[in-house]
Structures are given as C-alpha cells and as structure tokens.
Amino acid sequence: MIVIVGDTLLDRDVDGAVTRVSPDAPVPVLAEQSTLDRPGGAGLAALLAARRGEYVALVTGLADDAAGARLSALLSDAGVRLYPLRMTGTTPEKIRLRSRGQALLRLDRGDAEVAGEPNAAALMAIAEADAILVSDYGRGLARQPALRAALAETTAPVVWDPHPRGPAPVRGVRLATPNEAEVRHLTGDSAGGHRVATAARGGQELRQRWRTGAVAVTMGGDGALLCHGPTPLVVPTPARVGGDTCGAGDRFAATAALALAGGALVSEAVQAAVREATAYVASGGVHAALAPEVPAVNAAGVGREAAGELVGRVRARGGRVVATGGCFDLLHAGHIATLEAARRLGDCLVVCLNSDSSVTSLKGPERPMVRQDDRARLLAALSAVDAVVVFEESTPDAVLSWLRPDVWVKGGDYGSDGGLLPEADLVQRWGGECVIVPYLDGRSTTRMIAAARHLEGV
C-alpha cells in the first residue's frame, strides 16, 4: 500500500471554441463545449498511482463544500481510500479556460486551511504503509504536528515532494524531489552558472539542511540530478519530448516511492521515475493518463449514439476530433490511404457515410454496389476509423453541424484548383478547419466497377 499525504485541490478544464472577439473589450470569447473535473495536487498523485493498479490511501484535507464533495466522489470512484482532515474555508480550485488544447487563462480560487486532526485510522495507515509520498502544495497539511510525528516514526521509505511555501521535510526522508525553480527559491542561490552545477550545488545544500538520504532535482526535459553522495548522478530522459507537463512531477514522485517500496536503490528509483515521467508527457500528459479507455472499434462504433459518446470522451480530455466523408462503395487502397492520413490529424476519426439513397442520387440508379449497413461495418472494422455515422442528405452539412469536428478532411483532387471545399464556410463557423490529403493515383471505385464489367463482357 502506498500512502499519499498532502494538499488536494480541484482542477477544472473548460474547453471551447474561440471564433470572435468580445465587443465589450479586446478579448477572445470562449464558447464552452465541455468541462472536465479532476483532482489536483496530492489528489492527482493518488489518482495516477491508483490508475496503475496500486492500493492507494490518501491523507488530505477536504472542505465541506460542493468542490470538496466533488473531489471526494472523484477519488473514491477511482478506488482511492480517503482519510480526510477537516478544513475551514473553500476548496482550492484551478480553473483553466482552453481552446484547441491550449490554455487561454487560469483562474485560481479557494482559501481552505487545515483545522482538524488526523484520526486514528489515518495514523495507522501511515504506520502500515509500504511507501509514503508527501505531496506538499504549500497549503498547510505538511505542517500538521500529528502527521509530521507519524511520518518521522515510520519505517517505510518516504518520498517528499516539497513546496517553497511548505515546511522542511521531517528527518529521515529517503528522497526529496524539488524541481530546479524550487531549489533556487529554497536556497536563495542566484549565483548562476551551468544548470547542472547549480542544481548539484542546491541539491547538496538541501540534503545537508534537511538531513535526507538523497535529493533528486527534477530538470524537466533534461531528466533529474540525484544528490546522494559526494558526486551527483545525472539521469537523462530516454528521449526529448514535448507536451503538457501537468502532473509529471506527481508521476515522478509516485513512481520513485513505489520503486523504493519494492526494494529498489535510490538511484534505481530515480531512473525509473525519469522514464515514467517522460513516457507520461510523451503520451499526452494528464488528459491521456486519466482518459477513459475507448473500446475497440467494431460494429458498435456505427451510429449517432456511438459517435456522440466517442466525441464527448475525446473532447472531455481536450482531444481533437477529425471527420471525413464519402460513399466508400467498394473499399480500395485509395480509401485506406485517405482514412489513415485523416486519423493522424487528431485523436479520433468519425466517417460520415452517404446512405444508399444518397449514393443513388449522386452516382445513379446502379449505385451503390454495397449496401450501407455493410459499408458501415467494413469501415468500422478498420483500425483508422473510430466511429461511422450514416446520413441521408446529398451533402454532409447536417451531420457536420451536429458533430462540429475540429478538422474536416477530404481526399482526392478536391481543391486542386485552389478553391475552397464546399463545406469550408460551414466548418469555419465553429472554428474548424478543412484540409485535403493526397490520394493514390489510379484508385477509383468507378474504375473498379468499369474494369469488372469489362471482364464480364470478355
């Protein structure tokens, strides 16, 4: 069992589209499309550990308000065992307004302070832990006397993720994990110089001041520097990655604690933590780590209900919805190339499929060759396709207005003359974009049908 002790807050991501500037002031207007709540601070560290299948207990403060109740529900639903301390005031919240995965503004609110004592069950959990992570976010829990006494007495390895506004770790901590900025703030080191030298100097000073076994200074995309003896150990990342780093420090500290619980050396624990934190950022950060699993694509991915649920999940985690359309009568290599290219442009691909009557009105009375149910099932079986929606009209305008994709993709020679796609004006109304992907020359359903009929007549 890993026990996490620290401050929890509510993170709320409000995602939407920006299509205009306010007439009242020169600021963008965000049209809200989805809202995602998740635990932040120590709560996020607990949630990430629970997602790995670990048994996790969280000792934290919870205020008696709606946001506190929401946090309790989110954590309990994830299987985290809660040991809450009473707090006065309102739950700390961080509200991020975002568009297309980019933050426009962050609003912070909440003034809760720890007012209660840990109960006997919370103290027993600390005493029986296999490893403990103190996730200090500077809101007072790490100063609580009874908790500090219990942490000082435990025989389990303790990892302490400090905060500049928080107290010093208790003596006997196995590993402290400040980042570079925190090290400079805590030591007052403004001498400058090479960042590795600065991190090593600060890490060694904090190790001696705090009397910890080791200090790992996290250095973002450059990994970590471990001070556990006279000569520091530089642990580089396995690859240079970019992306959302929210929660990467929590992933790092929790991984180190779990490794120590399994008997790893501190150096081994830090190396594992660097690998895990790098993979976490590379895979999409907190939104990807906490996203619900999308079921494998099959016939259940056909229809408006399935497509709507998929798009809702993708947008809830800040993902990018891609759509394409067509008749897809007699699937061929050109179709596959278009679909694979479209899927790479976002986080899910919805195919808007012309119905049988729609195909007949466009192609003539002898088409389609394959009925719409079979065409939909074939498309849904492809790895590049996440959902299929059949529409009856001659144009996809109605289904596009319902889906409101971030990207509308057409394959083939559309727009070869430099003109706009027919759907461009519609898609741009909600801030979407239209793109064309190359087609494979010589692949065409019409040509396939003509060739087959020629062979029949031979």
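When a residue number appears, it is its place in the shown sequence, counting from 1. Worth knowing before you read on, the calculation uses all heavy atoms, side chains too, and leaves out hydrogens, waters and symmetry mates. Computed from a predicted structure; not experimentally measured.
- Of the possible polar contacts, one joining the R371 side chain to the P368 backbone as a donor-acceptor pair under 3.5 Å is found.
- W402 places no side-chain N or O within 3.5 Å of a backbone atom of R304 that could act as its donor or acceptor partner.
- Checked for salt-bridge contact, R86 and E113 miss the test: no charged N lies under 4.0 Å from a carboxylate O.
- One N or O on the side chain of D356 and one on the backbone of Q372 form a donor-acceptor pair closer than 3.5 Å.
- The environment of CZ in R320 is crowded: more than 12 heavy-atom neighbours from other residues, nucleotides or ligands sit within 6.0 Å.
- The OG1 atom of T338 lies 10.5 Å from the CG atom of L349; values are rounded to the nearest 0.5 Å.
- Shown here for M1 and A125, the closest heavy-atom pair between the two residues is CE-O, 3.5 Å.
- Under a 3.5 Å cut-off, the side chain of Y280 and the backbone N or O of V286 do form a donor-acceptor pair.
- Nearest heavy atoms, V270 versus A224: CG1-CB, 4.2 Å.
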Stepwise side chain to side chain contact (heavy atoms under 4.5 Å, CB included) test for L400 and L426: CA-CA 8 Å; L400 282 176; L426 176 67; 4.0 Å; yes
Pair R343, E340 - check side chain to side chain contact (heavy atoms under 4.5 Å, CB included), show working. CA-CA 5 Å; R343 182 60 179 82; E340 289 178 343; 5.8 Å; no
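- Counting all heavy atoms, side chain and backbone alike, P162 lies closest to E182 at O-OE2, 3.5 Å.
- Rounded to the nearest 0.5 angstrom, L379 CG and R375 CZ are separated by 8.5 Å.
- D15 has no carboxylate O lying under 4.0 Å from a charged side-chain N of R315, or vice versa, which leaves the two without a salt bridge.
- Taking all atoms of both residues into account, the shortest heavy-atom contact from A256 to A269 is O-CB, 3.8 Å.
- Here the closest heavy-atom approach between residue A342 and residue V322 is recorded as O-CG1, 3.5 Å.
- The environment of D111 atom CG is dense: over 12 non-hydrogen atoms of other residues, nucleotides or ligands sit within 6.0 angstrom.
- With rounding to the nearest 0.5 angstrom, the CG atom of L233 is 5.5 Å from the CG atom of L226.
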One pair to check against side chain to side chain contact (heavy atoms under 4.5 Å, CB included): V350 and V311. What are the steps and the verdict? CA-CA 9 Å; V350 180; V311 170; 4.1 Å; yes
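- Neither side chain, T237 nor T278, offers a donor N or O lying under 3.5 Å from an acceptor on the other.
- Counting heavy atoms from C-beta outward, F391 and N354 have side chains that approach closer than 4.5 Å.
- The backbone N or O of L147 lies less than 3.5 Å from a partner atom in the side chain of Q144, making a donor-acceptor pair.
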Between L339 and F328, does a side chain to side chain contact (heavy atoms under 4.5 Å, CB included) hold up when you go through it step by step? CA-CA 11 Å; L339 295 169; F328 296 97; 4.0 Å; yes
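- The closest donor-acceptor contact from the side chain of T360 to the backbone of R367 lies under 3.5 Å.
- At least one donor-acceptor pair under 3.5 Å links the side chain of Q271 to the backbone N or O of S267.
- You'll find the side chain of V14 reaches within 4.5 Å of the side chain of I95, heavy atoms only.
- Annotation: E305, atom CD; neighbour count of heavy atoms from other residues, nucleotides and ligands within 6.0 Å does not exceed 12.
- Across all their heavy atoms, G43 and L75 have their closest contact at O-CD2, 3.6 Å.
- Under the 4.0 Å criterion applied to side-chain N and carboxylate O atoms, K94 and D108 are not assigned as salt-bridge partners.
- Between the side chain of T218 and the backbone N or O of G220, no donor-acceptor pair lies under 3.5 Å.
- Other residues, nucleotides and ligands place no more than 12 heavy atoms under 6.0 Å from the CD atom of Q102.
- Side-chain contact between R174 and V266: present, with at least one pair of heavy atoms (C-beta onward) separated by less than 4.5 Å.
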Under the salt bridge (Lys or Arg N to Asp or Glu O under 4.0 Å) criterion, do D13 and R38 qualify, and how do the steps go? CA-CA 8 Å; D13 289 345; R38 66 174 185 273; 2.6 Å; yes
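- Not one N or O on the side chain of T91 forms a donor-acceptor pair closer than 3.5 Å with the backbone of A67.
- Judged purely by atom type and a 3.5 angstrom limit, S358 uses its side chain to pair as donor or acceptor with the backbone of E393.
- S357 and E392 share a donor-acceptor pair across their side chains, judged by distance under 3.5 Å alone.
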